[in-house]
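Structure, as C-alpha cells:
In this text the structure is predicted, and so the values were computed from the model without any measurement.
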Amino acid sequence: MNYDLIIVGGGAAGFFTAINVAENAPKLKIAILERSKEVLSKVRISGGGRCNVTHAEFIPNELSKNYPRGEKELRGPFHTFMTGDTMEWFDRRGIELKIEDDGRVFPASDSSATIINCFLSEAKRYGIEVLKNHAVKSFCPKNTYWNIQTSQGEFITKKLMIATGSNPKIWKQLEGLEHRTIAAVPSLFTFNSKDPRIVNLPGVVVNATVKVAGSKLSSKGPLLITHWGMSGPAILKLSAWGAIELEERAYTFEIIVNWLKEYSQQEIFEELIVLKNQYSKQQLYTYTQFDLPKRLWQSLVLASGIKNNTRWADTNKVQLRTLSEELTQGKFQIKGKSTFKEEFVTAGGVDLKEINFKTFESKKHQNLYFAGEVLNIDAITGGFNFQNAWTGAFIAAQAIISG
Ligand SMILES: Cc1cc2nc3c(=O)[nH]c(=O)nc-3n(C[C@H](O)[C@H](O)[C@H](O)COP(=O)(O)OP(=O)(O)OC[C@H]3O[C@@H](n4cnc5c(N)ncnc54)[C@H](O)[C@@H]3O)c2cc1C
C-alpha cells in the first residue's frame, strides 16, 4: 500500500499533523497507523476527562519557560504556532474554549469528547485513513521511500511522521536508525512524606517556597498537603524540573519549605517578638498568625516544643527561634513519589539536537518527522504538554506540504 504520508500513532500529535496536512494538500494520500483498537485514548482521559488543551500564556518566551526539557528548542516554534493559534484552530472548527482562572484552557463543554469528535470528523471530512490495530513493528528508508512493517502487513510512504508518544520500542527502532534517544524517567509526580507535622493536614494549601536540599532546585506557588505527602503546583514544578536529578537520588531527599514564601527566618523571629509583646496574655496555639491555615500553624507551634496552653508571654527565645525556623525553613524527608491524577508524563525521547525545529524533521533522515511526546520534551501540568504536540504537529505539517 502506497501513501504520500504515513503517521505512526493516533494520538494528539498524529491527528493534528494529519488534519493540517490534509486541509492544505487535499490530494495527498494520508494514513494514521494506530496500534490500539481506539485512537486518541490519552486525549479522552486528559485533564480529568475535560482535556486541558492549552494554557493562556500568549508570549512565546514566557510559554517556553514551562518546559524543563524543550525550553530553548520551542522558543522559535512558538513564534509560528502557539496558544492563540491553538484557540483559533479550534474556534474555526466551531469548538468553544474557555480560560479558567489559573490560565488552563478547556473546551466549554468540559468534555474531552468534544476534542475527539472534532478530530474524528475532520479526519473523515478530509479522507484520512485511520487504521486501528496496526502496530508498527519497524520502519526503514528504501531509496526515496519509507518501508513500514506492521502487524497487518507492509506499507510504503514518501513521508513518515512518528507520533508514538513515550513508546520505548519505537525509541529502540530509532536507535537502529542512528538516532540518539534519552531514557524515559517520570516527570510529573507528587512527593511522599509521612512527617508527623503534616500527616493530619490533608487538604491544607499554602503559598510556599520549596527547595531541594543540596541542589539548585527551587520553586514557588501553592503547596497542597495530601494524604500521602505533598502536591500542588510548587511540588509538581519541582518534579518536572528535577525529573532526572530526583530519579538519580532514588526519590529520597530532603526539602526545605518556607511556609511564608519569601520572609527570612530573622524577619519572622523579630515579628514573633513583636507578637509576644502584643498578645502576651493569649495562647499562641489558639490564634493563627501570618494568615496561615490554623491547623498548619498549630502543628508548627507544637513541633517547636510549645504546648497548646502556652501563652505568648511564657515563651522563651529558643522556642520562638525554633518556631521561626519551622515557619521559614521546615525540613521534610521525602521518600518516594506518587502519580499526579494518573497523569503519566515522562522526560526522555528523541534527542533534540537531532531535530530541525524549523520543520520538526530528523537531521539524520530526510522525510522523517517527529511531534509530541516522542521527542525529549515535557512540561509542567496545565495544558503545556498538548501545546507541544499541537505546535510540533502544525510546523511539521507545513514542512510536509511544502517539501
Ligand atoms: C492521565 C493523563 C492526563 C493528561 N492530561 C493532560 C492535559 O489535560 N493537558 C495536557 O497538556 N497534557 C495532558 N497529559 C499529557 C498529554 O496527554 C500528552 O503529552 C499527549 O497526549 C502526547 O501526545 P502524543 O500524540 O505525542 O502521544 P500519545 O497521546 O501518547 O499518542 C501516541 C499514540 O501512538 C500510539 N502508538 C505507540 N506506539 C505505536 C506503534 N508502534 N504503532 C502504532 N501506534 C503506536 C499509541 O497507542 C497512541 O495512541 C495527560 C497525560 C495523561 C496520562
Side chain to side chain contact (heavy atoms under 4.5 Å, CB included), that's the test. Do Ile30 and Ile128 meet it? Break it down for me. CA-CA 5 Å; Ile30 305 171; Ile128 297 161; 4.2 Å; yes
Going from CG on Leu260 to CG on Leu292, what distance comes out if it is rounded to the nearest 0.5 angstrom? 5.0 Å
Mark yes or no for whether Asn117, through its side chain, and Ala113, through its backbone, hold a donor-acceptor pair below 3.5 Å. yes
Looking only at the aromatic ring of each residue, does the gap between the centers of Trp171 and Phe370 stay below 6.0 angstrom? no
Pair Gln398-Ser402, side-chain donor/acceptor within less than 3.5 Å: no
Is any side-chain heavy atom of Thr164 less than 4.5 Å from a side-chain heavy atom of Val136? no
In terms of side-chain heavy atoms, does Thr346 have a donor or acceptor partner in Ser166 at a distance below 3.5 Å? yes
Taking only residues two or more places apart in sequence or in another chain, which ones pass side-chain contact (heavy atoms from CB on, under 4.5 Å) with Val274? Gln278
Any Asp195 side-chain heavy atom under 4.5 Å of Gln333 side chain: no
Might you confirm whether atom CG of Asp291 has over 12 heavy atoms from other residues, nucleotides or ligands at distances under 6.0 Å? no
Hey, is the main chain of Thr190 close enough, under 3.5 Å, to the side chain of Ser239 for a donor-acceptor pair? no
As a quick check of understanding, evaluate side chain to side chain contact (heavy atoms under 4.5 Å, CB included) for Tyr285 and Leu302, giving each step before the final call. CA-CA 8 Å; Tyr285 182 85; Leu302 296 179; 3.8 Å; yes
On a heavy-atom basis, the closest approach of Gly382 and Asn52 is C-OD1, 2.7 Å
Report yes if the side chains of Lys29 and Glu129 come closer than 4.5 Å at any heavy-atom pair, otherwise no. yes
Side chains of Ser324 and Gln265: is there a donor and an acceptor less than 3.5 Å apart? yes
What distance do Trp312 atom CH2 and Tyr279 atom OH have between them, rounded to the nearest 0.5 Å? 9.0 Å
Any heavy-atom pair between the side chains of Asn133 and Gln152 that's under 4.5 Å? yes
So, are Glu245 and Arg249 salt-bridged, with charged N and O less than 4.0 Å apart? yes
So, using side-chain contact (heavy atoms from CB on, under 4.5 Å) as the criterion, who are the partners of Lys42 when residues are at least two apart? Glu373
Can you pull out every ring-ring contact (aromatic ring centres under 6.0 Å, His included) where at least one residue sits in residues 208-241? Sequence neighbours excluded, please. none
With a 4.5 Å limit on heavy-atom distance, are the side chains of Phe360 and Pro77 in contact? yes
Could you tell me whether a side-chain N or O of Gln319 sits under 3.5 Å from a main-chain N or O of Gly305, the two making a donor and an acceptor? yes
Thr54 side chain to Gln387 side chain, donor-acceptor N/O pair below 3.5 angstrom: yes
Provide the closest heavy-atom pair for Arg69 versus Ile244 in the form atom of the first, atom of the second, distance. NH1-CD1, 4.1 Å
Does a side chain donor of either Glu38 or Ser41 reach within less than 3.5 Å of an acceptor in the other side chain? no
Check the surroundings of atom NZ in Lys363: do more than 12 heavy atoms from other residues, nucleotides or ligands lie under 6.0 Å from it? yes
Before we go on, tell me: are the rings of Phe290 and Tyr263 under 6.0 Å apart, centre to centre? no
Could you report the tightest heavy-atom contact between Glu34 and Gly9, atom names first, then the distance? OE1-C, 3.8 Å
Over all heavy atoms of both residues, which pair between Ala240 and Ile380 is shortest? Give the atoms and the distance, please. CB-CG2, 3.7 Å
Report yes or no: does Ser299 contribute a side-chain atom to a donor-acceptor pair with the main-chain N or O of Arg295 at less than 3.5 Å? no
Considering only heavy atoms from C-beta outward, does the side chain of Val43 approach that of Phe15 to under 4.5 Å? no
Enumerate donor-acceptor pairs with a distance under 3.5 Å from any side-chain N or O in residues 94-101 to protein atoms, sequence neighbours excluded.
unit_1: Lys98; atom_1: NZ; unit_2: Asp110; atom_2: OD1; d: 2.8
unit_1: Lys98; atom_1: NZ; unit_2: Asp110; atom_2: OD2; d: 2.9
unit_1: Glu100; atom_1: OE1; unit_2: Arg50; atom_2: NH2; d: 3.4
unit_1: Glu100; atom_1: OE2; unit_2: Arg50; atom_2: NH1; d: 2.9

So, taking the atom named CG in Leu120 and the one named CD1 in Ile115, what distance separates them when rounded to the nearest 0.5 Å? 11.5 Å
Distance col, row Arg125:CZ vs Glu23:CD, nearest 0.5 angstrom, shows 7.0 Å
Please check this pair: side chain of Asn24 against backbone of Asn20, looking for a donor-acceptor N/O pair closer than 3.5 Å. yes
Calculate, to the nearest 0.5 Å, the distance between atoms OG1 and CG belonging to Thr315 and Leu320 respectively. 4.0 Å
Give, for atom CG of Leu300 and atom OG1 of Thr322, the distance between the pair rounded to the nearest 0.5 Å. 12.0 Å
Hey, does the side chain of Thr157 reach the backbone of Leu160 with a donor-acceptor pair shorter than 3.5 angstrom? no
Side chains of Pro293 and Thr288, heavy atoms from C-beta outward: is any pair under 4.5 Å? no
With no hydrogens and no angle check, is any side-chain donor or acceptor of His365 less than 3.5 Å from a backbone partner on Pro141? no
Taking it one step at a time, do Leu5 and Leu28 satisfy side chain to side chain contact (heavy atoms under 4.5 Å, CB included)? CA-CA 7 Å; Leu5 169 64; Leu28 294 188; 5.6 Å; no
I need the minimum non-hydrogen distance between Leu323 and Ser304, along with the two atoms involved. CA-OG, 3.2 Å
If you take all heavy atoms of Ser231 and Thr226, which pair is closest and at what distance? CB-CG2, 3.6 Å
Distance-only, no hydrogens or angles: does the Lys237 side chain make a donor-acceptor pair with backbone N or O of Lys220 under 3.5 Å? yes
Contacts of Glu62 that satisfy salt bridge (Lys or Arg N to Asp or Glu O under 4.0 Å) - sequence neighbours left out: Lys65
More than 12 heavy atoms of other groups within 6.0 Å of Glu175 CD: yes
Quick one: does any side-chain atom of Thr391 pair with a main-chain N or O of Asn388 as donor and acceptor, under 3.5 Å? no
Can you list the steps and then say if Phe191 with Phe332 is a ring-ring contact (aromatic ring centres under 6.0 Å, His included)? CA-CA 10 Å; Phe191 294 176; Phe332 293 83; over 10 Å; no
Neighbour count >12 (heavy atoms, 6.0 Å) for atom CZ, Arg44: no
List the steps and the verdict of ring-ring contact (aromatic ring centres under 6.0 Å, His included) for Phe119 and Trp390. CA-CA 12 Å; Phe119 284 165; Trp390 315 138; 5.7 Å; yes
Decide whether Glu154 and Asn147 meet the rule of one side-chain donor and one side-chain acceptor closer than 3.5 Å. yes
How about NZ on Lys158, more than 12 heavy atoms from neighbouring residues, nucleotides or ligands closer than 6.0 Å, or not? no
Student check: side-chain heavy atoms of Val350 and Ser362 closer than 4.5 Å: no
Inter- and intrachain pairs under ring-ring contact (aromatic ring centres under 6.0 Å, His included), touching residues 43-83, at least two apart: Phe16-Phe81, His55-Phe384, Tyr67-Phe78, Phe81-Phe394
